[in-house]
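FYI, side chains are in, hydrogens and waters are out, and symmetry mates aren't considered; it's all heavy atoms of this structure. In what follows, every chain begins at residue 1, and chains take the letters A, B, ... in the order their sequences are listed. This is a predicted model, so every value here is computed, not measured.
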Number of protein chains: 2
Amino acid sequence: MPRGPYQKSDVTREKILGAATELFAQRGYAGTGVDRLAERSGIAKTAIYYHFGNKEGLLAAVLDRAATAWMESIRESADRATTPEDALDTALSRMRSMIEEKPWILKLLTLLTLEVADDKPEVRKAMSEIFLRARRTITGSLNEAVGAEVPGADGVGNVFLGLLQAVVIGRERDPSISLDAAFADMRQIIVSLVAARLDPGLAQEDRSEGVESVVAADIPPRTS
Amino acid sequence: MPRGPYQKSDVTREKILGAATELFAQRGYAGTGVDRLAERSGIAKTAIYYHFGNKEGLLAAVLDRAATAWMESIRESADRATTPEDALDTALSRMRSMIEEKPWILKLLTLLTLEVADDKPEVRKAMSEIFLRARRTITGSLNEAVGAEVPGADGVGNVFLGLLQAVVIGRERDPSISLDAAFADMRQIIVSLVAARLDPGLAQEDRSEGVESVVAADIPPRTS
DNA sequence: GTCTATACGGCGATAGAC
DNA sequence: GTCTATCGCCGTATAGAC
């Protein structure tokens, strides 16, 4: 995408963005100085300002790039799955690859959410949109796999994304955490949630008592 | 706990710790300047160094305090639950209260994990221990509630804690997220996981095919 | 148009006198 | 415990080299 009669050196831009993505994901936004970015990318500090205006502009570009990378990772290959379970397994293995090969994507998005979403409404908005897009992709795959509109599919998507996030964070604490176990649990969880939504009251065999009991009691519903 | 011939003013310490906890949770460790901490707590900047040595010492104290607060929040009241489901509902409502009243605990722990666990092995170690303690409490309650050792109870604990974390992060992006829905899902998930672990092969009604298939394939198990 | 050299104001952490 | 001073890094602006 040329921006003028000449175009800014995209290779320089990429070098800066690569370094920024790496360092933001590792040490956070506030914890990463532009000096370090210059050193790491081999680009002069002031050139960074030339390309992105200021540090926040760089942040926006990094976010955008991470979002794109994520969407590419989870883009449905719309494959010839034979059964719903097949489709689920394919989706899970795709997510697993993402976590193994590009854990920085989710780490970056989560870290930035916690670190700067309070101050910068634009960043929060960007985050919301990114996660909504991701969830939409997931629920789309889900509905397609099941062959019907799963009621409350958004909730399933939230759980899925939440667990992915949790795995990434957990591995930050303890890199030896077993992905096998985590993904086996995720699979079971999704199946159980979907089953319950498609056929409420039947999926759970031991729902002997009042179910929403304590949990859903005496708290006003949210606005949205 | 006196520390010398004179004792350091505990009220001052508390004021500093309160401000630090609040600001670290809001803007992260690197993003919080000692100047701001001084301003917020009403204590001179250098007095902070007097009390905690350096910023990292302050971080350690904040972590310790947050861990204690968390454990208090989830401490089993060892109540007279009549059924396992009862016990689960009690535990869930306790967690829900924690998220509603002290969301900063989980936010702080998560943010610090992502932000500084890479650089500071001591912090990572502290985080691991905190989460292990929390999980131990949870699995303890779980086993007690069920009245037997649930196989793979640790996995259930991981899922539970992970979902709690995900809810906190999600609310950071979008405060209007429904806790009702989230906790209803969590309840169902836990029940299904426990049921599957107590009676494998029976809990899932539609496990028609090879189950661990794609997900658990061709990846070496972890060390720990 | 793309990038570098240099400089500046501010805040970060810390030491020492009071 | 506070006050004052110090020093280095951080984000930024600008002037100019290619």
Side-chain angles (χ1 to χ4, degrees), chain A residues 1-63 111-112 115-116 119-120 122-123, chain B residues 1-20 22-24 26-63 111-112 115-116 119-120 122-123:
Chain A
M1 53 280 279
R3 299 184 169 219
Y6 301 74
Q7 73 176 28
K8 294 172 179 174
S9 163
D10 279 359
V11 47
T12 298
R13 251 185 95 90
E14 278 309 305
K15 277 201 260 189
I16 298 169
L17 283 174
T21 302
E22 209 176 319
L23 288 180
F24 285 170
Q26 246 175 56
R27 324 166 66 83
Y29 177 71
T32 302
V34 180
D35 270 341
R36 240 184 265 269
L37 289 171
E39 191 189 348
R40 173 75 74 113
S41 62
I43 308 291
K45 180 164 70 154
T46 47
I48 296 176
Y49 285 92
Y50 168 70
H51 279 287
F52 299 98
N54 55 27
K55 203 187 177 187
E56 224 175 303
L58 176 57
L59 173 60
V62 165
L63 253 186
L111 176 47
L112 290 179
E115 195 189 355
V116 301
D119 302 355
K120 322 206 164 170
E122 17 146 345
V123 172
Chain B
M1 53 283 282
R3 298 186 170 223
Y6 303 76
Q7 73 174 29
K8 294 169 178 173
S9 160
D10 278 1
V11 47
T12 299
R13 250 185 95 91
E14 277 311 305
K15 276 201 261 187
I16 299 170
L17 283 173
E22 209 176 321
L23 289 180
F24 285 170
Q26 244 175 59
R27 326 167 65 83
Y29 177 70
T32 302
V34 180
D35 267 342
R36 240 182 265 270
L37 288 173
E39 190 188 348
R40 175 75 73 112
S41 62
I43 308 291
K45 178 164 70 154
T46 47
I48 296 176
Y49 287 93
Y50 169 69
H51 278 286
F52 298 98
N54 54 29
K55 204 185 176 189
E56 223 174 304
L58 176 58
L59 172 61
V62 165
L63 255 186
L111 177 45
L112 290 180
E115 194 188 358
V116 301
D119 304 356
K120 322 205 167 179
E122 15 145 347
V123 172

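Environment of CD in A:Glu122: crowded, with over 12 heavy atoms of neighbouring residues, nucleotides or ligands closer than 6.0 Å.
With sequence neighbours left out, the side chain to side chain contact (heavy atoms under 4.5 Å, CB included) criterion links A:Ala25 to A:Trp104, A:Leu108.
Computed from coordinates, the B:Phe52 CZ to C:dA13 C1' distance equals 16 Å when rounded to whole Å. Distance, A:His51 NE2 to C:dG1 P: 13 Å, rounded to whole Å. Here the C1' atom of nucleotide D:dC3 and the CD1 atom of B:Ile43 are 15 Å apart, to the nearest Å. Across the protein-nucleic acid pair, A:Leu58 atom CG and D:dG11 atom C1' stand 12 Å apart, rounded to whole Å. One interatomic measurement links the two molecules: CZ of A:Arg13 to C1' of C:dG1, which rounds to 15 Å at whole-angstrom precision.
Within the 4.5 Å cutoff, no side-chain heavy atoms of B:Val34 are placed close to those of B:Leu58. In this structure, the side chains of A:Phe52 and A:Leu17 come closer than 4.5 Å at one or more pairs of heavy atoms. Side-chain contact between B:Tyr29 and B:Glu56: present, with at least one pair of heavy atoms (C-beta onward) separated by less than 4.5 Å. In this structure the side chain of A:Asp10 reaches within 4.5 angstrom of the side chain of A:Arg13, judged on heavy atoms.
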Going 5' to 3' along nucleotides 13-18 of chain D, which nucleotides have protein heavy atoms under 4.0 Å from the base (write B), which only from the sugar-phosphate (write S), and which from neither (write -)? BB----

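B:Ala30 approaches A:Gly31 most closely through the heavy-atom pair CB-CA, 3.5 Å.
Taking only side-chain atoms of A:Lys55, from C-beta outward, the nucleotide of C:dC3, D:dG11, D:dG1 with the closest atom is D:dG11. Of the candidate nucleotides C:dG1, D:dG1, C:dT4, D:dG1 has the atom nearest to the side chain of B:Thr12.
At a non-hydrogen distance threshold of 4.0 Å, B:Gly33, B:Val34, B:Asp35 from residues 27-40 of chain B come into contact with DNA chain C.
The shortest distance between the side-chain N/O atoms of A:Ser9 and the OP1/OP2 oxygens of C:dG1 is not below 4.0 Å.
Note on B:Ala44: only backbone sugar-phosphate atoms sit closer than 4.0 angstrom, heavy atoms only; bases stay farther off.
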Apply side-chain contact (heavy atoms from CB on, under 4.5 Å) to the pair B:Val11 and B:Lys15, showing each step before the final yes or no. CA-CA 6 Å; B:Val11 47; B:Lys15 276 201 261 187; 4.2 Å; yes

